[in-house]
There are 2 protein chains.
Amino acid sequence: MKLDAIDKQILELLQENSKRTNKELSYKLNLSVTAVFERIKRLEKEGVLSKYVALVNKEKVNRSFVVFCHIKLLQHSKSFLTRFEAEVLKLDEVLECYHVSGDYDYILKIFVSDMNAYREFMVTKLTTLQHIGSTQSTFMIGEVKNSTAISLS
Amino acid sequence: MKLDAIDKQILELLQENSKRTNKELSYKLNLSVTAVFERIKRLEKEGVLSKYVALVNKEKVNRSFVVFCHIKLLQHSKSFLTRFEAEVLKLDEVLECYHVSGDYDYILKIFVSDMNAYREFMVTKLTTLQHIGSTQSTFMIGEVKNSTAISLS
DNA sequence: GATTTAATAAGAAAAATATTCTATATAAAT
DNA sequence: ATTTATATAGAATATTTTTCTTATTAAATC
């Protein structure tokens with residue numbers, strides 16, 4: 001699908017704040033409300049706009065302790081990977097999990113309340129997963145940037 | 001601020017899909033539309049709900065190549081950190097940047113179109129930053145889980 | 001124990017927004 | 001020239017958000 005300059009502007013604006021109304025967008029883009037409406041519907045239908053979500057402040061819900069955990073598996077056959085991935089999906093504390101190249105196999109991003117909670121998570125959940133070889137935890141000290149908006153320029 | 005069970009349900013539902021209407025939420029929660037409305041306004045005012053955003057499918061906008069880059073600085077004085085962080089903030093390709101404990105100082109999550117674009121990004125942007133000691137790039141092979149929703153149970 | 005007070009919720013009314021419908025304009029295709 | 005497809009605008013309608021008034025409840029005060 002082709003995205004013109006107006007589509008890109010709409011995407012940038014909605015990535016920043018999805019509560020903007022079509023009227024507000026129509027002002028900014030010098031278009032009619034209908035034109036904006038139709039473009040957004042098209043972007044949704046094509047799957048360019050995949051989801052609308054509310055973001056919650058992790059400090060306010062007691063999940064400020066963020067950990068990046070690098071994981072090595074014992075073996076790398078497809079069935080091992082698949083099984084591990086299915087189990088990770090079930091863990092609420094894990095918001096992100098990526099299969100990666102390099103020294104280890106997976107990067108997990110984990111949100112918990114504090115170090116004690118993380119210890120509990122490791123002992124009762126993470127290290128009980130099948131096929132895990134090793135884990136290495138890196139703790140977030142500060143958040144410099146955390147955006148969900150892909151730049152389209 | 002105290003969050004009761006209903007607040008948590010609202011947060012879970014809006015983190016999953018912020019387009020749900022107050023009426024829809026009121027059905028699910030056995031409440032009136034006004035009660036839902038008031039609770040959401042309170043959660044926004046208190047900063048628990050911090051933002052509403054549209055998520056864009058990275059494949060559809062040609063940013064499927066995701067890289068985690070570990071960075072070490074040459075020195076760790078406050079002024080060096082601050083300056084580095086200010087420069088990273090300006091880089092559109094970097095969606096996330098965290099100051100972390102461990103072998104390296106920062107983790108960056110970078111979105112580009114392909115390996116060539118990443119090479120270009122490294123050469124012209126990343127490695128020209130002040131105070132950089134070393135970088136180590138890890139490439140995403142597959143996305144197992146990528147959620148923005150913090151579980152509140 | 002009766003009476004305020006504060007917090008929450010319900011329902012109706014009003015305001016704002018999203019959505020549909022009809023009509024035009026424009027450029028590409030035949 | 002004529003058709004076709006695409007994008008847009010404006011008006012009409014449907015839906016949602018927001019406000020306002022009233023009622024309920026539980027805790028706090030006398």
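These numbers come from a predicted model, not from an experiment. Here is the naming used below: chain letters follow the sequence lines, and residue numbers restart at 1 for every chain.
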Using atom CZ of Phe37(B) as one end and atom C1' of dT15(D) as the other, report the distance to the nearest whole Å.
15 Å

Please determine whether a side-chain nitrogen or oxygen atom of Lys41(B) lies at a distance below 4.0 Å from atom OP1 or OP2 of dT18(D).
yes

Hey, are Arg39(A) and Asp4(A) close enough for a salt bridge, meaning a charged N less than 4.0 Å from a carboxylate O?
yes

Rounded to whole Å, CG of Asn22(B) lies from P of dT15(D) at a distance of 16 Å

Sole residue of Leu108(A), Val112(A), Leu126(A) in side chain to side chain contact (heavy atoms under 4.5 Å, CB included) with Glu93(A)
Val112(A)

Have a look at Thr34(B) and say if it touches a base, only the backbone sugar-phosphate, or nothing, with a 4.0 Å heavy-atom cut-off.
base

Range on DNA chain C touched by chain A - first to last nucleotide, heavy-atom distance under 4.0 Å:
dT17(C) to dC21(C)

Salt bridge check: are Lys109(A) and Glu96(B) linked by an N-O gap of less than 4.0 Å?
yes

Just the rounded figure in Å: distance from P of dA7(D) to CG of Asp4(A).
9 Å

Rounded distance in Å - NZ (Lys23(B)) to P (dT16(D)):
5 Å

Pair His76(A), His131(A) - check ring pair (Phe, Tyr, Trp, His ring centres under 6.0 Å), show working.
CA-CA 9 Å; His76(A) 300 86; His131(A) 317 308; over 10 Å; no

Protein-nucleotide distance (Leu29(A), atom CG; dA7(D), atom C1'), rounded to Å
15 Å

Do Val48(B) and Glu59(A) pass the side-chain contact (heavy atoms from CB on, under 4.5 Å) test, and can you show the C-alpha distance, the side-chain angles, and the key distance before you say yes or no?
CA-CA 8 Å; Val48(B) 182; Glu59(A) 275 75 28; over 6 Å; no

In whole Å, what is the span from the CG atom of Leu14(B) to the C1' atom of dT16(D)?
14 Å

Side-chain ion pair, Asp7(A) and Arg42(A), N-O less than 4.0 Å
yes

Please state how far atom CZ in Arg20(B) lies from atom C1' in dT17(D), giving the value in whole angstrom units.
18 Å

Looking only at side-chain N and O atoms, does Arg39(A) come under 4.0 Å of OP1 or OP2 in dT8(D)?
yes

Side chain to side chain donor-acceptor pair (under 3.5 Å) filter on Lys58(B), not counting sequence neighbours, yields Glu143(B)

Separation of atom CD1 in Ile40(B) from atom C1' in dT17(D), rounded to whole Å:
10 Å

